[in-house]
Amino acid sequence: MSGDADPAAELITIPVALPGRAYDIVVGAGAIDGVARLLSGRSRVVVVSQAAIAAHVPTLLDALAGAGIDAELMLIGDGEADKTLDTVADLVGRFTRSGLLRNDAVVALGGGVVGDTAGFAAAVYHRGVAVVQVPTTLLAMVDSSIGGKTGVNLPEGKNLVGAFHQPIGVFADPAVLATLPAREFDAGLGEVVKYAFLGDTELRATLSSAPDTVVDRDPATLARVVARCAAFKARVVVEDEHETSGVRATLNLGHTLAHALETAGGYDLLHGEAVSIGLVFAARLAAALERISTEAADEQVALISALGLPTAVPRAGRVSGAELIALMRRDKKSDGGLTFVLDGPRGVERVDDPPAHAVERAFAAVGIRA
Ligand SMILES: NC(=O)c1ccc[n+]([C@@H]2O[C@H](COP(=O)([O-])OP(=O)(O)OC[C@H]3O[C@@H](n4cnc5c(N)ncnc54)[C@H](O)[C@@H]3O)[C@@H](O)[C@H]2O)c1
């Protein structure tokens, strides 16, 4: 990991070394206090959050008040339906009326919906004001708060309008995950296990040796797990910030099928649950292509299962393999062919147009009919 452990403060700091836009990800108990230190001296701060996160708002507002920072709380709606340009228009209007200026800052306290929406509002307000990400879901801690992708949905599709806007800091305290609904926590675990399969052997060992500790949300274990995932994502972002070299695309392991399942609908799957099924599919496809052994695929599926994550679609037969293939060909990252990110002898890499029989075997393994 690129970060340094600081046992006294129980915090792990991971530098994101982007030239000219470097920032730190701080993980651990009490991490949120760091927001006030980072923003001290700013005259005005807006905190964007949601009603469901109310329990964690006072910690942040008290820390800001303690540093003499005048902060205003703005709540937005919950869910994908509120991750819209209307919400952004509403937010930037409220920023203006609250007197937020070019050198002030926005703090996004929430999951990926708050982070993406508040981050995009910060990216466009006055052509860009500083944003601090304070992720409160497991998915946001290990994925969406890091890397600067911000944006909102259109009626025509998800995440179709957005901007790269790196935060000036990310502060993740796993203690806030205690209030996260079980399904949301599990959905975040789907992304966590992805990093283990992307090649983080220490993370994989932690997850395999004590899956119960992770599932039970032990804060110290979660801090280590979150820090490893965050460091992995930070390394990839530094290498390929704007997803041009293909390195950042490897983070899509498990996502080709996941996106198709989400688009097809009919399964009531959260994103991380779809990713978990997508990871099983990717392992079985890699084995069917003899890129990895059957035993290696079995081990991956066993870990997914030990973490209590889904390994097959909830109800067989809802959507056919043929329909999913058509959706996967339309994926914005596929260039019209059928593109997967798969494990193999050289590690995880892009694989184009695998033979139909291998895809069918992998579909069957996750309960999808041809
Ligand atoms: N920008 C990126 O790089 C990136 C990457 C992955 C996903 N995303 C986006 O992230 C979004 C999904 O984010 P998510 O999974 O965090 O979901 P979310 O933000 O919708 O949060 C899930 C639910 O949990 C609630 N919640 C959040 N923290 C809580 C807490 N500590 N206690 C109790 N309730 C809490 C929220 O209010 C919400 O109801 C999607 O819109 C996706 O497109 C973005």
Side-chain angles (χ1 to χ4, degrees), residues 16 25 31-32 48-60 75-84 87-88 108-123 131 133-154 157-167 170-192 194-195 217 219 222 226 229-230 233-234 236-237 240-243 248-249 251-255 258-259 262-263 269-276 278 332-333:
V16 185
I25 304 165
I32 290 176
V48 179
S49 194
Q50 287 169 331
I53 304 154
H56 308 293
V57 169
T59 312
L60 177 60
L75 298 182
I76 63 169
D78 206 318
E80 290 299 319
D82 277 297
K83 197 177 123 174
T84 60
T87 304
V88 172
L109 174 73
V113 166
V114 170
D116 280 9
T117 311
F120 184 58
V131 66
Q133 294 284 353
V134 185
T136 64
T137 65
L138 184 55
L139 178 130
M141 288 184 187
V142 302
D143 190 359
S144 61
S145 67
I146 305 157
K149 279 190 188 174
T150 72
V152 294
N153 304 324
L154 293 180
K158 271 194 70 178
N159 297 326
L160 286 180
V161 177
F164 280 99
H165 188 52
Q166 295 294 341
V170 179
F171 298 85
D173 182 348
V176 305
L177 300 176
T179 56
L180 191 65
R183 249 190 107 186
E184 297 291 349
F185 182 80
D186 290 353
L189 272 185
E191 296 288 347
V192 167
K194 176 191 82 177
Y195 289 106
R217 308 189 198 184
L222 283 182
V226 167
C229 298
K233 175 135 188 199
V236 171
V237 165
D240 184 17
E241 184 183 4
H242 296 121
E243 211 166 316
R248 195 162 175 172
L251 294 175
N252 286 326
L253 179 66
H255 282 62
H259 287 149
E262 290 174 287
T263 311
L269 288 170
L270 295 180
H271 176 68
E273 294 170 331
V275 168
S276 162
K332 66 180 175 201
K333 285 162 185 155

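Order of appearance sets the numbers: ligands from 1, and atoms from 1 within every ligand. In this chain, numbering begins with 1 at the start of the sequence shown. We use all heavy atoms of the structure for the numbers below, so side chains are in, but hydrogens, waters and symmetry mates are not.
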| field | side-chain hydrogen bond (donor to acceptor under 3.5 Å, both in side chains) partners for T263, two or more places apart | value | none

| Proximal protein residues to ligand 1, non-hydrogen atoms under 4.0 angstrom | Q50, A52, I53, H56, D78, E80, K83, G111, G112, V113, D116, T136, T137, L139, D143, S144, K149, K158, N159, V176, T179, L180, P181, E184, K233

| query | Looking at residues at least two apart in the chain, or sitting in another chain, which of them share a ring pair (Phe, Tyr, Trp, His ring centres under 6.0 Å) with Y195? | reply | F232

| task | Could you tell me which non-hydrogen atom of K194 sits nearest to which non-hydrogen atom of L253, and how far apart they are? | result | CD-O, 3.6 Å

| message | Does anything in residues 48-59 form a side chain to side chain donor-acceptor pair (under 3.5 Å)? List the pairs, not counting sequence neighbours. | response | H56-T179

| Side chains of H255 and E191: donor-acceptor distance under 3.5 Å anywhere? | yes

| message | Once you measure the plane-to-plane angle for F164 and H242, does it fall in the parallel (<30°), tilted (30-60°) or perpendicular (>60°) bin? | response | perpendicular

